[in-house]
Chemist: 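Input: one structure, supplied below.
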Amino acid sequence: MSKLYIVPTPIGNLKDMTFRAIEVLKDVDLILAEDTRTSGKLLKHYEIGIPMQSHHMHNEHKTVDSLIQKLKAGTTIALISDAGTPAISDPGFLLTRACIEHNIEVDCLPGATAFVPALVNSGFPNDKFIFEGFLPVKKGRQTRLKLLAEETRTIIFYESPHKLIKTLTQFCEYFGEDRPVSVSRELTKLYEETIRGTAKEVLEHYTNKPPKGEIVICVGGKFK
């Protein structure tokens, strides 16, 4: 029977690929990749020669129906993202939902997700937390920050390096300069680092040392 596999890929270090993930990718009929050039390097490294098809945020609405038809016809498909687990701030939700609606089996493999090591590295309470992903760029951003200012659980954000200063500045404004913040950058890679401190201290650090690479921000919850 056809099946959709959701397959996590390394967030940096290629050694974080699981044996099962490699096995699945070698066995399916088609691999859906966010960027075929990026994924091509990973597949080449593990000697996986399965055909790829582009599946990203700009075309996923248009391709879902055709992919469902392929699955119904017996094609076994694996969905991967550029890094991490698909559907976590990446394409994957629409296709997964469509498969469920059409009674097509979905199997999500466990694997790399950037926010988990960042949360653990932060030292903040992790028995309860909320994942926000990327904040709205413009519309609704201030409203969201005002709401999150009252959140008592640890909050996790994804951010791009060129927006980090703006985001940390807004954290100082909406959450307070003394709110504890932990910024993890380039996780699993050669220049991995985690900078911890108050919102003001972390802002000063990255103002003096402009960041590069993928970023996960953890913010301590508001004290009761």
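Values below: all heavy atoms of this structure, side chains included; hydrogens, waters and symmetry mates excluded.
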Chemist: Could you tell me the separation between the CD1 atom of I6 and the CD1 atom of I77, rounded to the nearest 0.5 Å?
Modeler: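 The distance works out to 10.0 Å.
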Chemist: Would you call R144 and E132 a salt bridge, taking side-chain N to carboxylate O under 4.0 Å as the test?
Modeler: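 A salt bridge is present here (some side-chain N lies under 4.0 Å from a carboxylate O).
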Chemist: Any sub-3.5 Å donor-acceptor pair from T9's side-chain atoms to S81's backbone N or O?
Modeler: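 The answer is yes, because a donor-acceptor pair under 3.5 Å joins these two groups.
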Chemist: Got a second to check how far L95's CG is from L79's CG, nearest 0.5 Å?
Modeler: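 Reported value, rounded in 0.5 Å steps: 6.5 Å.
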Chemist: Who are the salt bridge (Lys or Arg N to Asp or Glu O under 4.0 Å) partners of R196, not counting sequence neighbours?
Modeler: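 Salt bridge (Lys or Arg N to Asp or Glu O under 4.0 Å) check on R196 returns nothing, list empty.
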Chemist: Just verifying a value: how many Å separate D35 CG and K41 NZ, rounded to the nearest 0.5 Å?
Modeler: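 D35 CG to K41 NZ: 8.5 Å, rounded to 0.5 Å.
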Chemist: Between N59 and S54, which heavy-atom pair has the shortest distance, and what is it?
Modeler: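 Answer, listing the atom of N59 first, then S54: ND2-O, 3.3 Å.
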Chemist: Could you list the residues that satisfy salt bridge (Lys or Arg N to Asp or Glu O under 4.0 Å) with K222, not counting sequence neighbours?
Modeler: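 For K222 the salt bridge (Lys or Arg N to Asp or Glu O under 4.0 Å) partners, ignoring immediate neighbours, are E150.
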Chemist: Using a 4.5 Å cut-off on heavy atoms from C-beta on, say whether the side chain of C99 contacts that of L71.
Modeler: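 They are in side-chain contact.
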Chemist: State whether the side chain of T154 and the backbone N or O of N126 hold a donor-acceptor pair below 3.5 Å, judged by distance alone.
Modeler: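 Judged by distance alone, no pair lies under 3.5 Å.
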Chemist: Please say yes or no: joined through hydrophobic side-chain contacts below 4.5 Å, possibly via intermediate residues, are Y174 and I155 part of one cluster?
Modeler: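 Yes, because Y174 and I155 connect within a single hydrophobic cluster, where side-chain heavy atoms sit under 4.5 Å apart.
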Chemist: Taking all atoms of both residues into account, what is the closest heavy-atom pair of L187 and N121, and its distance?
Modeler: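 It is CD2-ND2, 4.1 Å.
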Chemist: Within this structure, what is the CD-CG distance for the pair E201 and D178, rounded to the nearest 0.5 Å?
Modeler: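 Separation between the atoms: 8.5 Å.
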Chemist: Is there a continuous path of hydrophobic side-chain contacts, each under 4.5 Å between heavy atoms, that joins V183 to F129?
Modeler: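 In one cluster with V183: F129, no.
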Chemist: Restricting to pairs with a member in residues 178-221, which pass ring pair (Phe, Tyr, Trp, His ring centres under 6.0 Å), not counting sequence neighbours?
Modeler: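 Sorted pair list comes back empty.
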Chemist: Surrounding NZ of K212 (heavy atoms of other residues, nucleotides or ligands, distance under 6.0 Å), is the total greater than 12?
Modeler: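 Atom NZ in K212 is not packed in, count stays at 12 or less.
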Chemist: Answer yes or no: is there a side-chain heavy-atom contact under 4.5 Å between T113 and P8?
Modeler: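 T113 vs P8: side chains apart.
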Chemist: With hydrophobic residues grouped by side-chain heavy-atom distances under 4.5 Å, do V106 and V28 end up in a single group?
Modeler: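 Unlinked, V106 and V28 end up in two clusters.
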Chemist: Is it the case that more than 12 heavy atoms not belonging to E47 sit under 6.0 Å from its CD atom?
Modeler: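 Result for CD/E47: open.
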Chemist: Is it the case that over 12 heavy atoms from other parts of the model lie below 6.0 angstrom from the CD atom of E34?
Modeler: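 Yes, the 6.0 Å shell around CD holds more than 12 heavy atoms from other groups.
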Chemist: Table please: side-chain donor-acceptor pairs of residues 163-172 below 3.5 Å, with sequence neighbours left out.
Modeler:
unit_1 : atom_1 : unit_2 : atom_2 : d
T167   : OG1    : R141   : NH2    : 2.9
T167   : OG1    : E159   : OE2    : 2.6
T167   : OG1    : K163   : O      : 3.1
T169   : OG1    : I165   : O      : 2.7
Q170   : OE1    : R141   : NE     : 2.6
Q170   : OE1    : R141   : NH2    : 3.0

Chemist: Please table the atom pairs, donor to acceptor, closer than 3.5 Å between any side-chain atom in residues 11-26 and protein atoms at least two apart or in another chain.
Modeler:
unit_1 : atom_1 : unit_2 : atom_2 : d
N13    : OD1    : K15    : N      : 2.9
T18    : OG1    : A21    : N      : 3.0
R20    : NH2    : D107   : OD2    : 3.1

Chemist: Check whether any side-chain N or O of T85 sits under 3.5 Å from a backbone N or O of A112 as a donor-acceptor pair, and report yes or no.
Modeler: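 Such a contact is found between T85 side chain and A112 backbone.
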Chemist: Using modelled atom types and a 3.5 Å cut-off, is there a donor and acceptor pairing between side-chain atoms of H102 and backbone atoms of I104?
Modeler: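 No; zero donor-acceptor contacts below 3.5 Å.
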Chemist: Side chain of S66, backbone of T63: donor and acceptor closer than 3.5 Å?
Modeler: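 The answer is yes, because a donor-acceptor pair under 3.5 Å joins these two groups.
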Chemist: Under a 4.5 Å cut-off applied to non-hydrogen side-chain atoms, are F115 and I88 in contact?
Modeler: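 Side-chain contact under 4.5 Å: yes.
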Chemist: Could you state the interatomic distance from CG (L42) to NZ (K44), rounded to the nearest 0.5 Å?
Modeler: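 Rounded to the nearest 0.5 Å, the CG-NZ separation comes out at 12.5 Å.
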Chemist: With respect to I156, which candidate in S182, C218, S122 satisfies the side chain to side chain contact (heavy atoms under 4.5 Å, CB included) definition?
Modeler: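 Exactly one pass, corresponding to C218.
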Chemist: Hey, does F124 have a side-chain heavy atom less than 4.5 Å from the side chain of V219?
Modeler: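 Side-chain contact under 4.5 Å: no.
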Chemist: Would you mind telling me which of L148, V216, I130, I215 makes a side chain to side chain contact (heavy atoms under 4.5 Å, CB included) with F157?
Modeler: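 One option only clears the test, and that one is L148.
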Chemist: So which atom in A149 and which in R179 form the shortest heavy-atom distance, rounded to 0.1 Å?
Modeler: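 Here A149 and R179 meet closest at O-NH2, 3.0 Å.
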Chemist: Any side-chain to backbone donor/acceptor pair from D90 onto P86? Under 3.5 Å, distance only.
Modeler: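 Checking the backbone N and O of P86 against the side chain of D90, no donor-acceptor pair under 3.5 Å is found.
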Chemist: I need the minimum non-hydrogen distance between G92 and T96, along with the two atoms involved.
Modeler: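 That closest heavy-atom pairing would be O-OG1, 2.8 Å.
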Chemist: Do the ring planes of F134 and Y158 sit parallel (below 30°), tilted (30 to 60°) or perpendicular (above 60°)?
Modeler: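 The rings of F134 and Y158 stand perpendicular, inter-plane angle above 60°.
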Chemist: For Q53, check side-chain contact (heavy atoms from CB on, under 4.5 Å) against everything at least two apart and list the hits.
Modeler: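 Once residues adjacent in sequence are excluded, the partners of Q53 under the side-chain contact (heavy atoms from CB on, under 4.5 Å) criterion are L30, L32, L67, K70.
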Chemist: Taking CD in E193 as the centre, count heavy atoms belonging to other residues, nucleotides or ligands within less than 6.0 Å. Is the count above 12?
Modeler: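 Atom CD in E193 is crowded, with more than 12 foreign heavy atoms closer than 6.0 Å.
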Chemist: Tell me whether I31 shares a hydrophobic cluster with Y5, the cluster being built from Ile, Leu, Val, Met, Phe, Trp, Tyr side chains joined at under 4.5 Å.
Modeler: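 Same hydrophobic cluster.
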Chemist: Would you name the heavy atoms of A98 and V64 that are closest together and state the gap between them?
Modeler: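 Where A98 meets V64 most closely, the heavy atoms are CB-CG1, 3.6 Å.
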Chemist: In terms of side-chain heavy atoms, does T194 have a donor or acceptor partner in S184 at a distance below 3.5 Å?
Modeler: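 The criterion, which ignores hydrogens and geometry beyond distance, is satisfied for S184 and T194.
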Chemist: Can you name the nearest heavy-atom pair linking F131 to S89, along with the distance?
Modeler: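 Nearest pair, atom of F131 first, then S89: CZ-OG, 3.7 Å.
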Chemist: Roughly how far, to the nearest 0.5 Å, is CE of M57 from CG of L94?
Modeler: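 One finds 11.0 Å between CG of L94 and CE of M57.
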